[in-house]
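What follows is a single structure, written as structure tokens, with notes after it.
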2 protein chains.
Amino acid sequence: MNSQTPRSCCPVACTLDLIGDKWTLLVIRDLALGKSHFSEFQKSPERIATNILSNRLTRLLEYEIVEKYPSETIPGRDAYRLTKKGKTLKPILKSIFNWGIRYIEGTKSFDEMRQNESS
Amino acid sequence: MNSQTPRSCCPVACTLDLIGDKWTLLVIRDLALGKSHFSEFQKSPERIATNILSNRLTRLLEYEIVEKYPSETIPGRDAYRLTKKGKTLKPILKSIFNWGIRYIEGTKSFDEMRQNESS
DNA sequence: CGGCAACACTTGCATTATGCAAGTTTCTCT
DNA sequence: AGAGAAACTTGCATAATGCAAGTGTTGCCG
């Protein structure tokens, strides 16, 4: 998706090289809401294409935003979750969420979004 | 860039439909730093292409994030600035800035970025 | 143990966005 | 009027996204 060479040393530009697209933060949103399996991400209302989902998960694994772990519900299967580093993206998510709620008509909160800072 | 129909009623998704790309928030960053002319945005270290810059400014005008006004320095010319609504994006910018500074090696603060909440 | 279904992807190809360079228009200043 | 800079626009190559169909890998049931 993005080249390996940063466009500049600006922290905003570099962060956008990582999460500045239409899908990455939605995957992170789903992870923050506790989703952990490929099919769960697929079911989100935005209907992410499987190739893009696969691509983003791989990228996020590389950057250690996300990690795999053995699924508890389905033995023998892997699942995804935010790493410690990944969880530090929540303030960004929250600021975007708040802006949308406030300034974009028709957007609705979802119960699960109330800050579960514990997770 | 993005279709007019929202992907979902999620505030995160809708906000990303507006600013979720590699360039839009960089233009907003420049505006937040006080840049106001086309050529100033062009000169930023990320070297935005003129067609993309033009496209983003038009979009931001449509969404009333940005407005034109007569330039003070160059009489007879227009310039761009954030609207009141546009300025409300600053917390998003700031959260992204902070994350970059903290988690991306080699990123550097720029003096002008210290919050001038007044502007 | 064999087969089928669900899950987790991968592949191929059409569409859209981005990147780059060059061209055009508008405005200012002399 | 003419030069030069600023502000775009256009054309075309490359890369990202979207969509549908295909493949391999469990998991379970008989």
_Chi angles and distances behind the side chain to side chain donor-acceptor pair (under 3.5 Å) call for A:S44, A:K35_ = CA-CA 10 Å; A:S44 287; A:K35 295 185 183 176; 2.8 Å; yes
Using atom [atom1] of [X] as one end and atom [atom2] of [N] as the other, report the distance to the nearest whole Å.
X     : N      : atom1 : atom2 : answer
B:L57 : D:dA6  : CG    : C1'   : 14 Å
A:Y80 : C:dC9  : OH    : C1'   : 8 Å
B:D17 : D:dT17 : CG    : P     : 13 Å

As a test of reading the structure: which of [options] is closest to the side chain of [X], going by heavy atoms?
X     : options               : result
A:F38 : D:dT17, C:dA8, C:dT18 : C:dA8
B:K68 : D:dT17, D:dC8, D:dT10 : D:dC8
B:S54 : D:dC19, C:dC20, D:dC8 : D:dC8

Would the distance check show the side chain of [X] and the main-chain N or O of [Y] forming a donor-acceptor pair, the cut-off being under 3.5 Å?
X      : Y      : result
A:T107 : A:I104 : yes
B:R81  : B:G34  : no
B:K85  : A:Y103 : no

*Using a distance-only test with no angle check, is there a side-chain donor-acceptor pair under 3.5 angstrom linking B:T24 and B:R56?*
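Yes, side-chain donor-acceptor contact under 3.5 Å.
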*How would you label the contact of A:F41 with the nucleic acid (heavy atoms, under 4.0 Å): base, sugar-phosphate, or nothing?*
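Result for A:F41 = nothing.
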_Any base atoms under 4.0 Å from A:S39, or only sugar-phosphate, or nothing? Heavy atoms, all strands._
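Since only primed, P, OP1 and OP2 atoms lie under 4.0 Å of A:S39, the category is sugar-phosphate.
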_Report for the helix from C:dC1-D:dG30 to C:dT30-D:dA1: angle between first-end and last-end helix axes, five pairs each, rounded to 10 degrees._
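End-to-end axis angle: 20°.
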*Base-contact (B) and sugar-phosphate-only (S) positions in nucleotides 24-30 of chain D, heavy-atom cut-off under 4.0 Å, - elsewhere*: ---S---
_Gap separating the OH atom of B:Y80 from the OG atom of B:S71, nearest 0.5 angstrom_ =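 One gets 11.5 Å once the value is rounded to the nearest 0.5 Å.
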_Measuring from atom CZ of B:R29 to atom CZ of B:F41, what distance do you get when rounded to the nearest 0.5 angstrom?_
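Rounded to the nearest 0.5 Å, the CZ-CZ separation comes to 10.5 Å.
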*asked:* Before you tell me yes or no, could you show the steps for A:E46 and B:S8 under side chain to side chain donor-acceptor pair (under 3.5 Å), namely the whole-Å CA-CA distance, both residues' side-chain angles and the distance that decides it to 0.1 Å?
replied: CA-CA 6 Å; A:E46 296 85 10; B:S8 75; 2.6 Å; yes
Does [X] put a side-chain nitrogen or oxygen below 4.0 Å from OP1 or OP2 of [N]?
X     : N      : result
A:K22 : C:dA17 : no
B:T50 : D:dC8  : no
A:W23 : D:dG18 : yes

*asked:* Reading DNA chain D from 5' onward, which residue's closest nucleotide shows up sooner: B:N51 or B:Q42?
replied: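 Whichever sits nearer the 5' end wins; that is B:Q42.
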*State plainly whether one hydrophobic cluster holds both A:V27 and A:L61, where clusters connect Ile, Leu, Val, Met, Phe, Trp and Tyr through side-chain heavy atoms under 4.5 angstrom apart.*
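Both belong to a single hydrophobic cluster.
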